[in-house]
S.K.: 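Take a look at this one; I'll ask things after.
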Amino acid sequence: MSSDSIVLHTRLAVLGTGSVLPGAAISTAALLAKAGRYLPEGAPALALRIAKRLNIAQRHIVRSFDAALEVARPYDAAPKLGSRAIALAVEQAQLDIGQIRILLGHTTTPHTLLPANVAWVAEELGFNGAHLELRQACTGFAGALIISAGLAASGVTPIAIVGSETGSVFFDPRFVAFDKTQLINLVQMGDGAGAIALGANVQFGGPRIELAFYGSLHGHRPPGISLRQGGSGQPAGHETRTAHFVHDFDAVKTHGLDLLREGLRIAREAGVEAGGIQWWIVHPANGRMAQIAADALNVPSSRVVCEASTLGNLGSAAVWVALDRLRRSGKLAAGDRVMVLGAEASKYMFGGFLYVHGDRLQ
């Protein structure tokens with residue numbers, strides 16, 4: 001099913017992680033009360049039904065819905081979110097930002113198309129080193145890890161990676177009158193940022209990433225999710241003044257689980273035994289993914305980390321946020337192994353990694 005995936009048996013030390021969620025959580029009912037004044041008649045009730053089906057009860061967003069079109073609140077703008085997440089990861093790593101050799105970012109909702117979002121993040125941090133950005137959604141973490149493994153092998157460490165999304169500002173509630181699928185974007189997605197600091201794992205006793213992989217499904221599939229406006233193929237929006245995400249939900253439903261299965265197959269071929277995994281992080285596309293993944297993996301749902309019901313789908317930020325929150329939860333024991341499986345429907349990519357929470361004392 002897949003093309004030739006990249007599989008790396010790598011040894012990256014996890015020096016620190018961090019995550020930031022903008023503002024207080026807002027429930028679906030409160031969100032629809034705010035956005036409802038701009039929505040067509042009947043849309044709030046439909047959106048509430050969609051949210052219940054997706055099992056997403058709340059999320060954090062960077063806008064306040066004081067107007068139909070808004071930018072992010074100043075404190076929660078994309079560079080602010082990303083820089084705060086990195087600062088937390090660097091602090092946990094007991095490093096100074098000046099010690100980071102390179103800063104990698106990935107997002108689908110940049111502060112500007114140019115300069116790159118990560119350039120704004122670097123400026124916010126006062127970071128004067130090299131930086132690089134991937135324009136990716138839910139598998140941005142996998143692309144960044146593959147790059148990091150190569151950099152570390154060349155002696156370039158420490159490395160900081162940040163994934164962030166501020167997609168709520170890409171929603172114009174008035175456009176729902178022409179495209180009701182925008183309601184799914186409204187109730188499904190959340191905003192936030194997650195980061196990780198990586199080093200060369202010379203001593204193998206601490207937290208580390210031992211395996212990373214990245215690939216895509218065969219075939220020419222139309223994008224399951226896209227952001228078309230603003231690129232050279234469509235410099236300006238024709239239907240609305242606001243760039244907006246377009247979803248092909250039927251295609252995602254058809255091919256989505258194939259991505260999970262393919263990622264699991266790659267991990268198994270790389271030597272990962274499901275019985276030796278204590279925790280699973282799967283991409284939180286919706287609040288039912290924990291049970292869906294548990295059934296597919298044949299593991300207890302209590303061992304599957306999926307917080308979409310309270311955070312929404314965080315896109316490019318999702319995996320780093322999930323890993324950071326799990327590491328800070330107190331649930332991990334020394335020696336626990338965490339398998340991460342990510343999926344992205346833009347062009348049906350998948351990726352993942354094996355995280356080991358240090359060694360048990362002998």
Side-chain angles (χ1 to χ4, degrees), residues 19-28 30-39 47 58-87 105-125 131 133 135-137 140 162-179 182-195 225-231 234-247 311-318 321:
S19 58
V20 174
L21 300 169
I26 182 170
S27 69
T28 299
L31 177 65
L32 293 173
K34 283 179 169 288
R37 72 189 93 166
Y38 312 110
L39 292 170
Q58 64 181 42
R59 77 288 295 141
H60 298 254
I61 56 176
V62 299
R63 62 181 293 187
S64 302
F65 275 103
D66 294 328
L69 297 179
E70 296 172 307
V71 296
R73 296 180 296 266
Y75 182 69
D76 291 326
K80 300 279 189 180
L81 283 182
S83 63
R84 299 206 306 271
I86 290 174
H106 51 91
T107 182
T108 59
T109 53
H111 187 57
T112 56
L113 290 179
L114 191 72
N117 192 73
V118 72
W120 294 106
V121 172
E123 184 176 76
E124 193 70 32
L125 288 165
H131 48 73
E133 179 154 291
R135 188 58 43 80
Q136 280 186 253
V162 61
S164 64
E165 297 293 4
T166 53
S168 62
V169 300
F170 287 76
F171 174 76
D172 182 348
R174 299 168 299 185
F175 188 51
V176 171
F178 306 96
D179 179 9
Q182 294 299 306
L183 289 175
I184 302 178
N185 294 335
L186 174 64
V187 299
Q188 181 182 29
M189 307 304 292
D191 296 334
I225 180 172
S226 57
L227 186 61
R228 300 170 184 170
Q229 304 83 9
Q234 189 175 325
H238 300 307
E239 305 133 320
T240 175
R241 289 182 295 162
T242 305
H244 58 277
F245 286 95
V246 177
H247 273 90
L311 302 182
N313 181 343
L314 292 176
S316 205
V321 170

S.K.: Between Gln136 and Ser316, does any side-chain donor sit less than 3.5 Å from a side-chain acceptor?
M.R.: no
S.K.: Provide the full list of salt bridge (Lys or Arg N to Asp or Glu O under 4.0 Å) pairs with a residue in residues 113-122, sequence neighbours left out, each pair given once.
M.R.: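 Counting only pairs at least two positions apart or across chains, no salt bridge (Lys or Arg N to Asp or Glu O under 4.0 Å) contact touches residues 113-122.
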S.K.: Using the rule side-chain contact (heavy atoms from CB on, under 4.5 Å), only one of Arg73, Arg59, Lys80 pairs with Pro22; which is it?
M.R.: Arg73
S.K.: Heavy atoms only: give me the nearest Ala35-Leu186 pair and the separation to one decimal.
M.R.: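 Nearest heavy atoms, Ala35 then Leu186: CB-CD2, 4.5 Å.
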S.K.: Work out which heavy atom in Pro173 is nearest to a heavy atom in Tyr38; give both atom names and the distance.
M.R.: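 Nearest pair, atom of Pro173 first, then Tyr38: CG-CB, 3.4 Å.
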S.K.: Look up atom OG1 in Thr107 and atom CZ in Arg135, then write down how far apart they are to the nearest 0.5 Å.
M.R.: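 One finds 7.0 Å between OG1 of Thr107 and CZ of Arg135.
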S.K.: What closest approach, in Å, do Ala193 and Leu81 show between heavy atoms, and which atom pair accounts for it?
M.R.: CB-O, 3.6 Å
S.K.: Quick one, Phe170 with Asn185, criterion side-chain contact (heavy atoms from CB on, under 4.5 Å). Give me CA distance, side-chain angles, the key distance, then yes/no.
M.R.: CA-CA 9 Å; Phe170 287 76; Asn185 294 335; over 6 Å; no
S.K.: Do any N or O atoms from the side chain of Glu133 and from the backbone of Asn117 form a donor-acceptor pair under 3.5 angstrom?
M.R.: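 Yes; judged by distance alone, with no hydrogens or angles, the pair exists.
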S.K.: Can you spot which of Thr109, Leu314, Ile61 makes a side-chain contact (heavy atoms from CB on, under 4.5 Å) with Asp191?
M.R.: Ile61
S.K.: When rounded to the nearest 0.5 angstrom, what is the spacing between CD in Glu123 and NE2 in His131?
M.R.: 9.0 Å
S.K.: Spell out, as yes or no, whether a donor-acceptor pair under 3.5 Å connects the side chain of Gln182 to the backbone of Ala177.
M.R.: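 No, Gln182 side chain to Ala177 backbone: no donor-acceptor pair under 3.5 Å.
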S.K.: To the nearest 0.5 Å, how far apart are OG in Ser19 and CZ in Arg84?
M.R.: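 The distance works out to 11.0 Å.
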S.K.: Taking all heavy atoms of Val71 and all of Val169, pick out the closest pair and write down the distance.
M.R.: C-CG1, 3.8 Å
S.K.: Would you call the rings of Phe65 and Phe171 parallel, tilted or perpendicular, taking 30° and 60° as the class edges?
M.R.: perpendicular
S.K.: So which atom in Val20 and which in Ala85 form the shortest heavy-atom distance, rounded to 0.1 Å?
M.R.: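 Shortest heavy-atom contact: CG2-N, 3.5 Å.
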S.K.: If you measure from NZ on Lys34 to CG on Leu39, what distance do you get to the nearest 0.5 Å?
M.R.: 13.5 Å
S.K.: Using modelled atom types and a 3.5 Å cut-off, is there a donor and acceptor pairing between side-chain atoms of Asn313 and backbone atoms of Met189?
M.R.: no
S.K.: Give me the atom names and distance for the closest heavy-atom approach of Ala317 to Ser164.
M.R.: CB-CA, 4.0 Å
S.K.: Once side-chain hydrogen bond (donor to acceptor under 3.5 Å, both in side chains) is applied, do any residues pair with Arg63, and if so which ones, sequence neighbours excluded?
M.R.: Glu70
